Amino acid sequence: MMRTVAAVAVAVLLAMAVAEAEAGELKVGYYDKSCRGVENVVKWHVARAIKANRKNGAALVRLIFHDCFVRGCDASVLLDPTPENPHTEKTAPINIGLAAFDLLDDIKSAVEDRCPGVVSCADILIYAARDAASLLSNGHVHFDALAGRLDGVHSHAAEAQQDLPDSTFTIAELIQNFKRKNFTIEELVILSGAHAVGVGHCSSLRARLTAPANQILPAYRGLLAGKCAKGPDPIVPNNIRDEDAGDVAAAVPGFLPKLRKVKDFLDNSYYHNNLARIVTFNSDWQLLTEKEARGHVHEYADNGTLWDEDFSDSLVKLSKLPMPHGSEGEIRKQCRFVNHH
């Protein structure tokens, strides 16, 4: 009888853990009692990293999308390959160039010192991406981050390849991809604005090097071709405003006055660049090929404040994407590995 009661108790506890992962009752200030000040710890580390190199901020903004669009916001993108699972999400070709993993390790370590076993890597990633977006935009992108997520125990490259939108997608493929996650055409356009920061690999924009003049400004195409010829798979800034002045002077001299002293500034410049046919990816240019999407590109080019607000709201919606139904969850001790039970 005692053994039966114990077995039932264990089953109930396991069911509660699964239910908690499913329910995902997220709220602002989730750790106010269990780990007071955790958001300040995250923000301090993010601010220090961005001060050292603003590309760290762009990497965090990219990570929130690449994590949440696959299995929900469960930090599955942070898991390293192991002999048992050699093909985690971060090994997927579509996740080429993901970064800031060391920064998140540092934050997790500091949080564990403060509150062992309390704060999930999934929540740390959301806090860090929120702070990065705010700092890169001089506070114009801001929102209260919900928390209360568990860390997932599964991570598969094949799922990343299946769920994430590819840079070669047509507008129809992009719309369908976002629709699967319950995002509208407008939200597709809003979230694409994150390409105002960060870098892309030449392997992700090869088609742009031979695209016709009505799809890409020939001078900009020449700039990209010159950079992509310098190695097997070089990186280029997503935003021409972050380009090297010498490269722009040689290829697109008329753009020199628009170059910025501060790189990776998160604003609505992506939409201006798109209308001028100076964006890196085919998936960027594709937004101009469909009436509703094109209308929103014009809308956000004309109103940067509106984009700041709508991008903030879209990041909140992104952060609410749940783990798959019936998923197990845990609070990882290290963000790169599941706990050993």
Side-chain angles (χ1 to χ4, degrees), residues 9-50 57 60-61 63-64 67-68 70-80 100-135 141-155 312-313 315-341:
V10 169
V12 168
L13 286 171
L14 284 172
M16 286 172 62
V18 171
E20 189 177 353
E22 282 178 25
E25 290 188 26
L26 308 177
K27 64 179 185 179
V28 174
Y30 182 86
Y31 296 106
D32 283 354
K33 292 180 179 175
S34 60
C35 190
R36 184 178 294 276
V38 63
E39 292 186 54
N40 291 332
V41 174
V42 175
K43 188 171 185 178
W44 184 86
H45 280 84
V46 172
R48 184 178 68 165
I50 288 176
L60 289 170
V61 173
L63 270 178
I64 185 178
D67 183 43
C68 294
V70 184
R71 303 191 67 82
C73 304
D74 67 343
S76 54
V77 76
L78 305 184
L79 289 172
D80 274 353
F101 299 117
D102 291 345
L103 169 57
L104 290 166
D105 289 341
D106 291 344
I107 297 172
K108 175 65 172 174
S109 178
V111 170
E112 284 295 302
D113 286 346
R114 190 184 188 96
C115 318
V118 173
V119 183
S120 68
C121 296
D123 283 340
I124 287 172
L125 175 51
I126 299 299
Y127 285 145
R130 182 266 310 264
D131 294 337
S134 177
L135 290 163
V141 173
H142 60 88
F143 58 92
D144 293 325
L146 301 159
R149 298 165 192 81
L150 293 175
D151 296 322
V153 296
H154 299 286
S155 181
S312 302
D313 291 342
L315 288 181
V316 172
K317 181 174 177 177
L318 191 62
S319 78
K320 291 179 179 178
L321 286 175
M323 294 167 69
H325 183 72
S327 295
E328 290 179 67
E330 62 183 14
I331 306 293
R332 278 184 221 145
K333 296 182 178 70
Q334 294 178 285
C335 291
R336 292 175 184 264
F337 303 102
V338 298
N339 298 338
H340 292 290
H341 296 288

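These figures come from a predicted structure and were not determined experimentally.
- A donor-acceptor pair under 3.5 Å is absent between the side-chain atoms of Arg130 and the main chain of Leu315, judged by distance alone.
- With hydrogens and angles disregarded, no donor-acceptor distance shorter than 3.5 Å links the side chain of Glu328 to the backbone of Gly152.
- Scanning both residues, Ser76 and Ser155, for their nearest heavy atoms gives O-OG, 2.8 Å.
- Within the 4.5 Å cutoff, the side chain of Leu79 has heavy atoms near those of the Val338 side chain.
- Annotation: side chain of Ser120 is in contact with side chain of Asp151 (closest heavy-atom distance under 4.5 Å).
- Looking only at side-chain heavy atoms (C-beta outward), Phe337 and Asp80 come within less than 4.5 Å of each other.
- Closest approach of Val61 and Ala132 over heavy atoms only: CG2-CB, 4.2 Å.
- Considering only heavy atoms from C-beta on, Leu78 comes within 4.5 Å of Arg332 through its side chain.
- Side chains of Arg71 and Ser327 form a contact here, defined as non-hydrogen atoms less than 4.5 Å apart.
- Residues Val118 and Glu112 come closest through the heavy atom pair N-OE2, 4.4 Å.
- Taking all atoms of both residues into account, the shortest heavy-atom contact from Ser319 to Cys68 is CA-SG, 4.3 Å.
- Leu60 is listed as a side-chain neighbour of Leu104, based on a closest heavy-atom distance under 4.5 Å.
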- [ ] Dump the intermediate steps for side chain to side chain contact (heavy atoms under 4.5 Å, CB included) on Asp105 and Gln334, then the final yes or no.
- [x] CA-CA 7 Å; Asp105 289 341; Gln334 294 178 285; over 6 Å; no
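- One distance of note links CG of Leu63 with SG of Cys73; it measures 11.5 Å at 0.5 Å rounding.
- Atoms CG and CD1, on Leu135 and Ile50 in that order, are 4.5 Å from each other to the nearest 0.5 Å.
- Here the closest heavy-atom approach between residue Met323 and residue Gly329 is recorded as CE-CA, 4.2 Å.
- By the neighbour-count criterion of 12 heavy atoms within 6.0 Å, atom NZ of Lys317 is densely surrounded, having more than that number from other residues, nucleotides or ligands.
- Remark: Asn339 CG to Glu330 CD distance equals 4.0 Å, nearest 0.5 Å.
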Open item on the list: Using side chain to side chain contact (heavy atoms under 4.5 Å, CB included), reason through Val70 and Val77 one step at a time and then give a plain yes or no.
Closed with: CA-CA 8 Å; Val70 184; Val77 76; over 6 Å; no
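- The shortest distance between side-chain heavy atoms of Val119 and Ile331 does not fall below 4.5 Å.
- The 12-atom threshold is not exceeded at CG of Asp144, counting heavy atoms of other residues, nucleotides or ligands nearer than 6.0 Å.
- What you find for Tyr127 and Ala147 is that their closest heavy atoms are OH-CB, 3.2 Å.
- With respect to the salt-bridge test (charged N to carboxylate O, under 4.0 angstrom), the residues Asp123 and Lys108 do not qualify.
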Open item on the list: Checking Ile126 against Ile64 for the side chain to side chain contact (heavy atoms under 4.5 Å, CB included) test, could you report, in this order, the C-alpha distance in whole Å, the side-chain angles of both residues, the deciding distance, and whether it holds?
Closed with: CA-CA 6 Å; Ile126 299 299; Ile64 185 178; 3.8 Å; yes
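- Between Leu150 and Asp74 the shortest side-chain heavy-atom distance does not fall below 4.5 Å.
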